[in-house]
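Quick notes on the structure that follows.
Every number for a ligand or one of its atoms is a count from 1 in the order of the listing. One is the number of the first residue; the rest follow in order along the sequence.
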Amino acid sequence: MFTARTTRIQPSATLEMTAKAAELRAKGVDVINLSVGEPDFPTPKNIREAGIFGIENGHTRYTAGSGTPDLKNAIIKKLSRDNNLDFSPKQVMVSCGGKHALYNACQVLFEQGDEVIIFSPYWVSFPDFVSVTGAKPIFVNTNPERQFEPVFNDLEEKITKRTKGIIINSPSNPTGGVWSDDAIKRTLEIAIDNDLWIFSDECYEQLTYDMPFKSSATFSNNSKIITFQSCSKTYAMTGWRIGYTAGDKGLIKAMSKLQSQSTSCPTAISQYAAIEALTGPQDMIETMKAKFKKRRDYFVEALNNIDGITCSSPGGAFYVFPNIEGLMKNYGYDSPSSFSLSLLESEAIVSVSGESFGSNSCIRFSYATSKNELERAIVKIKNFLKK
Ligand code: PLP
């Protein structure tokens, strides 16, 4: 009844868990939601006010399909200020979130017969973006002891004549891993040698805690590197739906054409507010980052104190991805999802099990929630395991 391409994809596991948490909350259950993929801070006041100003002053109509010239200029300024990258307006387009930008790029670049390299564990949406085009996702192993950097032998072995693209995501969802400069450079070298399109999903670029972030495109001027960023996580603007792509002019033109025939344009009001986000005061980022770092340090240590859990300290984003193999063995769970489900049913703690990210040994917790909630979660997990 429905097309083959629709049957090739799965619903987003993370959005499903978010919905489950909301459902339980609506029933009055005292839920601890560690599945959230968004900052728990409000959108800063100056950005909210810019949105209101936009509504009151007529920024409420269709815009150019690829985004307003003013927002494109703000993006160009931001990429130069924060990432040391130079782009012209024809190399930039705005989409309904980074997700839509990544989806559009896959639609424009990949099709049946192509293969696309994805590093595992991966963000839930990457394989679906690829397989909906008819192309095949090819998974490459990573090293959990080294911020989930690529296992390079595996990468080299998995590249074939059919490989057309590779997706880098540092800082990563779900692992929080931040790759070293060397790992990024080596990955780029391999990708460039094989003439691949290189996606650099940098939606967590502002959230690194142990070393400054460097955008992939700063390491090479290869025209097949595509930079994807977003206002969502950086400015606590997930619901405003503004993300952007910067890269090759021809690719941006093709993506803009596709977008003009699908969503017409990203929301005009959000685009107006995003100009304030990108060019207004930036100090809230540091405030948010300092809070996330404290929570990460607390949570990683507390998880490592639980019997059977091993958690390396991720360098960025707001997720931890502990290995729970010991716990599963000690307490008789046959999969991360069975543990995740028990936590939900018994303690009302919402997590996302590793399987949806390509891991049979880990579970994802988000620390985009208050320290108090994290402390409560640790107490509950410990008590639960004692039972
Ligand atoms: N890329 C990664 C790795 C993500 O985790 C997300 C959101 O969770 C996105 C891209 C897209 O975010 P948005 O569409 O809100 O910009």
Notebook entry, point to check: Backbone or side chain, does any N or O of Asn173 fall under 3.5 Å from an N or O of ligand 1?
Noted result: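 Yes, at least one N or O pair falls under 3.5 Å.
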Check: Taking both backbone and side-chain atoms of Lys99, is any N or O found less than 3.5 Å from an N or O belonging to ligand 1?
Finding: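 Yes, Lys99 has an N/O under 3.5 Å of an N/O on ligand 1.
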Notebook entry, point to check: In the protein, which heavy atom is nearest to atom 4 (C) of ligand 1, and how far is it?
Noted result: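 Residue, atom and distance for the closest contact: Trp123 CE2, 3.5 Å.
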Using a strict cut-off of 4.0 Å, indicate which atoms of ligand 1 neighbour a heavy atom of [X].
X      : value
Gly98  : 13 (P), 14 (O), 16 (O)
Arg241 : 13 (P), 14 (O), 15 (O)
Asp201 : 1 (N), 2 (C), 3 (C), 10 (C)
Ser230 : 13 (P), 16 (O)
Gly97  : 14 (O), 16 (O)
Ser232 : 13 (P), 15 (O), 16 (O)
Cys203 : 1 (N), 2 (C), 4 (C), 6 (C), 9 (C), 10 (C)
Asn169 : 3 (C)

Notebook entry, point to check: Does the separation of the ring centres of Phe126 and Phe139 fall below 6.0 angstrom?
Noted result: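 No - the distance between ring centres of Phe126 and Phe139 does not fall below the 6.0 Å cut-off.
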Notebook entry, point to check: Would a line drawn from the ring center of Tyr204 to the ring center of Tyr319 be shorter than 6.0 Å?
Noted result: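 Distance test on ring centres: under 6.0 Å, yes.
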Check: At under 4.0 Å between heavy atoms, which part of Lys233 makes contact with ligand 1: side chain, backbone, both or neither?
Finding: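 Looking at Lys233 and ligand 1, just side chain atoms fall under 4.0 Å.
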Next item on the list: Have a look at ligand 1 and work out which part of Glu38, if any, has a heavy atom under 4.0 Å from it: side chain, backbone, both or neither.
Entry: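 Under 4.0 Å from ligand 1, Glu38 contributes no heavy atoms.
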Next item on the list: Can you establish whether the number of heavy atoms outside Asn221 located under 6.0 Å from its atom CG is more than 12?
Entry: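 Counting other residues, nucleotides and ligands, CG of Asn221 stays at 12 neighbours or fewer.
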Checklist line | More than 12 heavy atoms of other groups within 6.0 Å of Lys214 NZ | finding: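 Counting neighbours around NZ of Lys214, 12 or fewer heavy atoms of other residues, nucleotides or ligands fall under 6.0 Å, so no.
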Next item on the list: Sort out for me which residue in Phe199, Phe357, Trp179 forms a ring pair (Phe, Tyr, Trp, His ring centres under 6.0 Å) with Phe119.
Entry: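 By the ring pair (Phe, Tyr, Trp, His ring centres under 6.0 Å) criterion, Phe119 pairs with just one of Phe199, Phe357, Trp179: Trp179.
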Any donor-acceptor pair under 3.5 Å linking the side-chain atoms of [Y] with those of [X]?
X      : Y      : result
Glu373 : Tyr367 : no
Thr238 : Glu38  : yes
Ser180 : Gln147 : no

Margin query: Can you tell me which residue among Lys233, Lys371, Arg295 is in a salt bridge (charged side-chain N to carboxylate O under 4.0 Å, His left out) with Asp40?
Written below: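 For Asp40, the salt bridge (charged side-chain N to carboxylate O under 4.0 Å, His left out) test succeeds with only one of Lys233, Lys371, Arg295, which is Arg295.
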Note to self: Against ligand 1, does Phe228 come closer than 4.0 Å with any heavy atom?
What the structure shows: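 No; Phe228 lies far enough from ligand 1 that no heavy-atom distance drops under 4.0 Å.
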